[in-house]
Amino acid sequence: MSELRDELYSLLVAPGGERLIVPRACVAEVIGYQVPAEMTNAPPWYVGVISWTGRNVPVVSFEGAMGLALPSVSTRTRIVIFHAAGGLKAGYFGMLTQGFPQLVRVNAEVGVRMPRAVFPSDRRSSAKCAWSTRHP
């Protein structure tokens, strides 16, 4: 049986002006920006669809899901391809980010209590973020 680890290797992703820490195992690849095919009547956070390794992959904006303005595309814009948990046909989804994610080690001392985010009720997104730390 393996021991409980005190650290988790993670990636610090920078969508726009925000920072998001995700487990390294969740990221399949970081690719250069390509213009997504837009979908009609899509919510603001749904940027569109790109082709990645022969698959149609939906691309989302973290800022859009938070009710913020979508960031401008620049030469630093990348798409982080995540392994999707759940029922996505493609098995993957992309998220816009500015620059390459940085490898970080996360432990209990890194966690900071933050007030619960308030999401606009009129959005079709049901995004919720939570930070939890388990102590043995």
List for me each residue that meets side-chain hydrogen bond (donor to acceptor under 3.5 Å, both in side chains) alongside S61, sequence neighbours excluded, and say none if there are none. E63
Quick one: ring pair (Phe, Tyr, Trp, His ring centres under 6.0 Å) partners of Y46, sequence neighbours excluded? none
Nearest 0.5 Å, please: how far is CD in Q102 from CD1 in I21? 10.5 Å
P58 and Y92: which non-hydrogen atoms are nearest, and at how many Å? CD-O, 3.6 Å
Which donor-acceptor pairs under 3.5 Å do side chains of residues 70-77 form with protein atoms, sequence neighbours excluded?
{"residue": "S74", "atom": "OG", "partner": "R76", "partner atom": "N", "Å": "3.2"}
{"residue": "S74", "atom": "OG", "partner": "Q98", "partner atom": "OE1", "Å": "3.3"}
{"residue": "T77", "atom": "OG1", "partner": "S74", "partner atom": "N", "Å": "2.8"}
{"residue": "T77", "atom": "OG1", "partner": "S74", "partner atom": "O", "Å": "3.3"}
{"residue": "T77", "atom": "OG1", "partner": "Q98", "partner atom": "OE1", "Å": "3.2"}
{"residue": "T77", "atom": "OG1", "partner": "Q98", "partner atom": "NE2", "Å": "3.3"}

With side chain to side chain contact (heavy atoms under 4.5 Å, CB included) as the criterion, how do L103 and L11 come out once you've worked through the C-alpha distance, each side chain's angles and the decisive distance to 0.1 Å? CA-CA 5 Å; L103 183 62; L11 292 173; 4.1 Å; yes
Closest non-hydrogen contact found for G94 with V57 is N-CG1, 3.6 Å
side-chain hydrogen bond (donor to acceptor under 3.5 Å, both in side chains) involving T53 - partner list, sequence neighbours excluded: R55
Minimum side-chain heavy-atom gap L96-I79 below 4.5 Å: yes
Without placing hydrogens or testing angles, list every side-chain donor-acceptor pair under 3.5 Å for residues 24-39, not counting sequence neighbours.
{"residue": "E29", "atom": "OE1", "partner": "W52", "partner atom": "NE1", "Å": "3.0"}

